[in-house]
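Here is the structure we will look at, set down as structure tokens.
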Protein chains: 2
Amino acid sequence: MRSALRSTKSGRSPDITARAHLRDTAIALFSHEGFRVSVRAIAEAAGVSPALVLHHFGSKDGLRQECDTFVLARIREYKEDAVRRSTPGELLSRMAAMDESAPLVGYALRSLQAGGELAHSFIEHFVADAEEWLAQGVAAGTIRPSLDEKARARYLTIQGFGSMLLDLALNPPADPGDFAAAMRGYLARNGLPSTELLTQGLMTDRTMLDAYLLYVVDPPA
Amino acid sequence: MRSALRSTKSGRSPDITARAHLRDTAIALFSHEGFRVSVRAIAEAAGVSPALVLHHFGSKDGLRQECDTFVLARIREYKEDAVRRSTPGELLSRMAAMDESAPLVGYALRSLQAGGELAHSFIEHFVADAEEWLAQGVAAGTIRPSLDEKARARYLTIQGFGSMLLDLALNPPADPGDFAAAMRGYLARNGLPSTELLTQGLMTDRTMLDAYLLYVVDPPA
DNA sequence: CGCAAGGCTGAACGCATGTTTAGTATGCTA
DNA sequence: TAGCATACTAAACATGCGTTCAGCCTTGCG
């Protein structure tokens, strides 16, 4: 039961190997337990020796980097697939519903919280999508224009993910692996107020916005 | 230079002692470096031996708990002081401007990210404030009413802190201790779009809200 | 067949961590 | 003054970590 995979045929194929299995196990464990899981735990979960992990990836950091690039690439693939016909939130929960991709989402969220390299790429990618999505809405007349479209796209992205991360940190789901359930919980708690905010705003008039614009033009000492 | 404080007069006074100094040092270090700082580092920063930390607090967890309750109590004090005439954000940055209280804010944010006990109390406290603040605004006619005032207060609180946390994780300030500067950076990046969202919302009509309400009443399979 | 290469392992190393222990100094109290 | 509790320390302990090392099998190639 050591290895679920047969030994490599040619020994040269770069994936579908025990190495790939190790990477997938690492992603799942990082997603489930956080980045502080030990190399030993990853090795045990994959049914191999700790030394093999280092043999393949050089170091734990090497493993992390390989996971990072892999996760980013896969999420990009998924996004290309499920083109346009969904909001980012729907995309994420749909991805998480599939057993294979759920750990990817968990890994990405962990990485977001840690704020590493992947976090930036991840956010930038979603910001670019948001910007395009917003522009289409503005053109179609369903979304109000903004004085700074780029800043708005970035803010809405960070606001969405940030809210979700904090809500999840405060209300940790019973099974951290079941991201879809976690997402349902988040929406049950915040779906109404967030939709209200998006459709109607909070204030009854734009007094606050005008005050802010004046403030920016002529800031106090 | 071992201890900046003279020895206790009676040996009984619970504070103003080296113990308090130790606690303050720990809060500052936790705030600056995160909760993974070693007991040894804390002890060195306070100019005492590592064993003394355990002698006073029993364990590192004991120290954490004491820091938690202390930070929560002090932040509550500050909030009682600077009553009502400020938004939570202004309150936080004002607190952070003061050298004494800056570590408290940093500690609270770290705790928020970790999602422990303090995080809940902290959020609950701000949620309660937000609810009252919103109710006053609704009564005054400056804020639109919500279909679920409690949920809105909680969402806006989590949304505000969550956005800030993620933004800070992605754009770590040069000096993590200078929370005021970090806050300025956050506002420079997100002040306009967040104000736009609060005053005008995102959508041009309430189609999306109506759709959501229908969805809630009669959810699909 | 012989042999080199690489996947893979068990055991150990070096280090940092939280914690314990035994002991010293100091100041209050009786 | 004697005694005792308390603040405090140096040193060690136990554990878990990432990593290294020497060597074992298996496989493919000459």
Side-chain angles (χ1 to χ4, degrees), chain A residues 1-30 32-68 110 114 116, chain B residues 1-30 32-68 110 114 116:
Chain A
M1 194 204 173
R2 265 300 158 80
S3 171
L5 298 171
R6 258 161 305 291
S7 63
T8 331
K9 211 183 229 165
S10 74
R12 282 297 179 83
S13 106
D15 245 19
I16 324 282
T17 58
R19 181 191 165 103
H21 177 225
L22 206 38
R23 169 186 24 76
D24 292 344
T25 308
I27 290 174
L29 233 64
F30 280 140
H32 200 273
E33 312 276 340
F35 293 124
R36 292 171 66 179
V37 276
S38 65
V39 172
R40 284 171 172 82
I42 295 170
E44 187 183 5
V48 299
S49 77
L52 185 61
V53 180
L54 288 313
H55 171 72
H56 277 307
F57 302 99
S59 68
K60 191 185 182 181
D61 263 3
L63 215 206
R64 271 295 306 279
Q65 283 187 18
E66 191 130 337
C67 291
D68 272 21
R110 293 268 185 200
Chain B
M1 193 206 177
R2 265 300 159 77
S3 172
L5 298 171
R6 258 161 303 292
S7 64
T8 332
K9 212 183 229 165
S10 75
R12 284 296 179 82
S13 109
D15 245 17
I16 324 282
T17 59
R19 181 191 165 105
H21 176 226
L22 206 39
R23 181 209 344 98
D24 292 344
T25 308
I27 290 174
L29 233 64
F30 280 141
H32 200 274
E33 313 276 341
F35 293 125
R36 292 169 65 178
V37 276
S38 64
V39 173
R40 284 171 172 81
I42 296 170
E44 186 183 6
V48 300
S49 76
L52 186 61
V53 180
L54 288 312
H55 170 70
H56 278 306
F57 303 99
S59 69
K60 191 186 182 181
D61 263 3
L63 177 61
R64 272 294 308 277
Q65 283 188 17
E66 192 130 336
C67 291
D68 272 21
R110 293 269 185 200

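Every chain is numbered from 1 and lettered A, B, ... according to where its sequence line falls, protein lines coming before strand lines.
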Using the C1' atoms of the five pairs at each end, what is the angle between the end axes of the helix from C:dC1-D:dG30 to C:dA30-D:dT1, to 10°?
20°
Which nucleotide in the set D:dA10, C:dC8, D:dT19 lies at the smallest distance from any side-chain heavy atom of A:Leu52?
C:dC8
Side-chain contact test, heavy atoms from C-beta onward, threshold under 4.5 Å: evaluate it for B:Leu63 versus B:Val39 and give yes or no.
no
Between CD1 of A:Ile42 and P of D:dG16 the distance, given in whole Å, is 17 Å
Output yes when at least one side-chain N/O atom of A:His55 is less than 4.0 Å from OP1 or OP2 of C:dC8, else no.
no
Donor-acceptor pair, side chain of A:Arg23 and main chain of A:Glu66, under 3.5 angstrom:
no
Once you round it to whole Å, what is the distance between C1' of D:dA7 and NE2 of B:His21?
15 Å
Whole angstrom is fine here: how far is it from CZ in A:Phe35 over to C1' in D:dC17?
18 Å
Return the value, rounded to whole Å, for the distance between atom CG of B:Leu63 and atom C1' of C:dG18.
12 Å
May I have the distance from B:Phe57 (atom CZ) to D:dT6 (atom P), rounded to whole angstrom?
16 Å
Between A:Thr25 and A:Val48, is any pair of side-chain heavy atoms under 4.5 Å apart?
no
A:Ser49 side-chain N/O to C:dC8 phosphate OP1/OP2 under 4.0 Å:
no
Under the side chain to side chain contact (heavy atoms under 4.5 Å, CB included) test, residues paired with B:Arg64 that sit two or more places apart:
B:Phe30, B:Phe35, B:Asp68, B:Tyr107
Rounded to the nearest 0.5 Å, how far does NE2 of A:His56 lie from OG1 of A:Thr17?
6.5 Å
Regarding B:Val53, tell me which of base, sugar-phosphate or nothing describes its non-hydrogen contacts under 4.0 Å with the strands shown.
nothing
Would you mind reporting whether B:Arg36 and A:Arg36 have side-chain heavy atoms less than 4.5 Å apart?
yes
So, under a plain 3.5 Å distance rule, would you say the side chain of B:Arg40 forms a donor-acceptor pair with the base of C:dG18?
yes
Does some side-chain heavy atom of B:Arg19 sit less than 4.5 Å from a side-chain heavy atom of B:Phe57?
yes
Rounded interatomic separation in angstrom, taking CG from A:Leu54 and C1' from C:dC8:
13 Å
Quick note, A:Val39 side chain, CB onward, closest among D:dT20, D:dA10, D:dT19 is D:dT19
Would you say B:His56 places a side-chain N or O within less than 4.0 Å of OP1 or OP2 belonging to D:dC8?
yes
Starting at CZ of B:Arg64 and ending at C1' of C:dG18, how long is that distance when rounded to a whole Å?
15 Å
Would you mind reading off the distance between A:Lys60 atom NZ and D:dT20 atom C1', rounded to a whole angstrom?
17 Å
Can you tell me if A:Ser38 touches the phosphate of D:dC17, counting only side-chain N or O atoms and a distance under 4.0 Å to OP1 or OP2?
yes
